[in-house]
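A short write-up of the structure that comes next.
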Amino acid sequence: MNRMDWVDLPDLKTPFVLIHKGRLLENLRRAAAIAEGAGIRLRPHVKTHKSVELARLQQAHGAAGLTASKPSEAEVFVRAGFKDILLAYPVVDPERVMSLLQAADRAGASVTFIADSMEGIAALARAGERFNRIIPVQFKIDVGLHRCGVAADSPALERLALSLREHAFLTFAGLLSHAGHAYAAKDREQLLEVSRSEQRQMAFAKDRLAKLGYPDATISVGSTPTVFTSESFVGIDEIRPGNYVFFDLTAVRLGVASVDDIALGVVTTIVSANDQFYIVDSGSKALTSDLGAHSSGGAGFGLALPLGDNGAKSETLPVVRLSEEHGFIERRESRLPIGTRMLVLPNHACPVVNLFDSVAIHDSDGGPDLWSVNARGKVV
């Protein structure tokens, strides 16, 4: 690990999230290059960072639109001026999207929705009728995570297609998938097989829809691991990675990034010590107790390295236990003084950001800055 690449911001009280801007920009360039090389659209997921400032950087690095999870989260970005949003979360209550649609009308923004049930189709139709607005809808295909979506070969897909045609305020906008089960892969070959399987299933669903009167359905796929390991994007029109902006220890475990690609850490202070552990001021309320996306993989709760003068003298140490406000870092043979500030690389960057109102950015060329986590707490 390139320890000297990380710089503490001593004027900030711990714990705080520190973003390495140089690594962040390189990660953005990698995703942009993948999309450009394949001739497909890049629509990153903002749930990872929830930051308007970072979304603007993504836009400057090739993003053709944004993906959001919840209506209130999407609304933040619509109000910030983004014109093309995909809400990749099923809607079953039209009231949940009224404020978003109102904001989109005022801003002249396009919002695309997903559906995987008859109830979802009906809810979106009622919302469209109320606003006298044609609503684009993508069908969510379950390619193996078994969270949301319908199977590519299921009768449910045909029912969705037939139902959509009955509603004057809905229009078909393509197919969407999320191969989140890739996070449980044990090696690169398993990752590749998840990606290949996703593409096969999406192509099959597209063929079925063509026979039902929906020709040339666009295909949108997501998940950082599959996007960064896929050998080909033949038949794919759009990719929706999210975690790639920061990466984390889960991405390292999967082999899609190295430790030196991780652009986010939590800066924390040793406040006590005993024979076994350093105790730091970051517990589950700063690091989360997440072992990885979709509860996958991982052991422990992060890796810690000392910052400043102590950085070159100590190995990377595991965070092995968490209380709410305390973290337990295994001492091993190290002898760090109380008061030492450490950087913890998390298992899963996305929920960490959601615990903070702002993140600190260090730019070797421009000094430190603070960015708001604008959509934090937007869970409806």
Side-chain angles (χ1 to χ4, degrees), residues 2-29 44-61 63 66 68-70 72-82 242-248 260-271 280-288 290 302 304-308 311 325 327 339-346 348-379:
N2 187 353
R3 303 162 185 273
M4 305 310 293
D5 207 19
W6 287 96
V7 177
D8 191 11
L9 302 178
D11 291 339
L12 296 182
K13 296 180 175 64
T14 60
F16 65 90
V17 171
L18 178 61
I19 307 299
H20 189 301
K21 191 173 182 182
R23 296 182 180 192
L24 169 69
L25 291 175
E26 182 57 32
N27 294 341
L28 296 181
R29 286 190 286 265
H45 209 313
V46 297
K47 69 177 178 60
T48 296
H49 55 78
K50 296 178 178 283
S51 164
V52 168
E53 194 73 31
L54 210 162
R56 289 185 177 132
L57 271 181
Q58 289 177 307
Q59 194 173 53
H61 287 79
L66 301 178
S69 285
K70 296 296 185 70
S72 58
E73 180 180 86
E75 186 176 340
V76 169
F77 293 90
V78 168
R79 292 184 181 278
F82 294 90
N243 178 263
Y244 79 99
V245 293
F246 300 135
F247 287 122
D248 48 32
D260 289 332
D261 294 320
I262 298 177
L264 176 147
V266 175
V267 179
T268 187
T269 301
I270 298 176
V271 295
V280 294
D281 60 357
S282 296
S284 61
K285 290 181 178 178
L287 298 172
T288 84
D290 202 326
L305 61 141
L307 293 168
E325 304 288 358
T340 298
R341 284 159 69 106
M342 306 188 78
L343 180 81
V344 177
L345 304 178
H348 191 188
C350 306
V352 169
V353 175
N354 191 51
L355 297 176
F356 292 84
D357 292 325
S358 62
V359 295
I361 313 297
H362 181 263
D363 183 349
S364 59
D365 295 325
D369 198 2
L370 287 177
W371 289 352
S372 293
V373 183
N374 309 84
R376 184 192 177 207
K378 302 299 185 182
V379 295

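Source: prediction; values computed, not measured.
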Check whether [X] reaches the backbone of [Y] with its side chain - one donor and one acceptor, N or O, closer than 3.5 Å.
X      : Y      : result
Asn27  : Asp261 : yes
Thr48  : Gly242 : yes
His20  : Asp5   : yes
Asp8   : Leu307 : no
Arg341 : Leu9   : yes
Lys70  : Val379 : yes
Thr268 : Asp281 : yes

Can you tell if the side chain of [X] reaches within under 4.5 Å of the side chain of [Y], non-hydrogen atoms only?
X      : Y      : result
Pro346 : Thr288 : no
Leu25  : His61  : yes
Val353 : Phe246 : yes
Leu57  : Leu24  : yes
Pro44  : Leu66  : yes
Leu28  : Val245 : yes
Asn374 : Phe77  : no
Leu343 : Val267 : yes

Please determine if Glu26 and Arg23 form a salt bridge, counting it only when a charged side-chain N lies under 4.0 Å from a carboxylate O.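 Answer for the salt bridge query: no.
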Atom CD1 in Ile361, atom CG in Leu370: separation rounded to 0.5 Å? 8.0 Å
Please report the interatomic distance CG(Asp248) to CG(Leu345), rounded to the nearest 0.5 Å.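 It comes to 9.5 Å.
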Over all heavy atoms of both residues, which pair between [X] and [Y] is shortest? Give the atoms and the distance, please.
X      : Y      : result
Ala304 : Met342 : CB-CE, 3.9 Å
His45  : Ser69  : CE1-OG, 3.1 Å
Ala55  : Phe82  : CB-CZ, 3.6 Å
Ser282 : Val266 : OG-CG1, 3.8 Å
Phe356 : Phe16  : CE2-CA, 3.9 Å

Please determine which of Lys50, Arg376, Lys47 meets the salt bridge (charged side-chain N to carboxylate O under 4.0 Å, His left out) test together with Glu73. Lys50
Evaluate the criterion side-chain contact (heavy atoms from CB on, under 4.5 Å) for residue pair Val373 and Val359; output intermediate values, then yes/no. CA-CA 7 Å; Val373 183; Val359 295; 4.0 Å; yes
Per side chain to side chain contact (heavy atoms under 4.5 Å, CB included), His362 is matched among Val7, Ile19, Asp369 by Val7
Begin with the C-alpha distance, continue with both residues' side-chain angles, and end with the deciding distance and a verdict on side-chain contact (heavy atoms from CB on, under 4.5 Å) for Ser372 and Val52. CA-CA 8 Å; Ser372 293; Val52 168; over 6 Å; no
Does the pair Asn243 and His348 meet the rule for a side-chain contact (heavy atoms from CB on, under 4.5 Å), with working shown? CA-CA 9 Å; Asn243 178 263; His348 191 188; 4.3 Å; yes
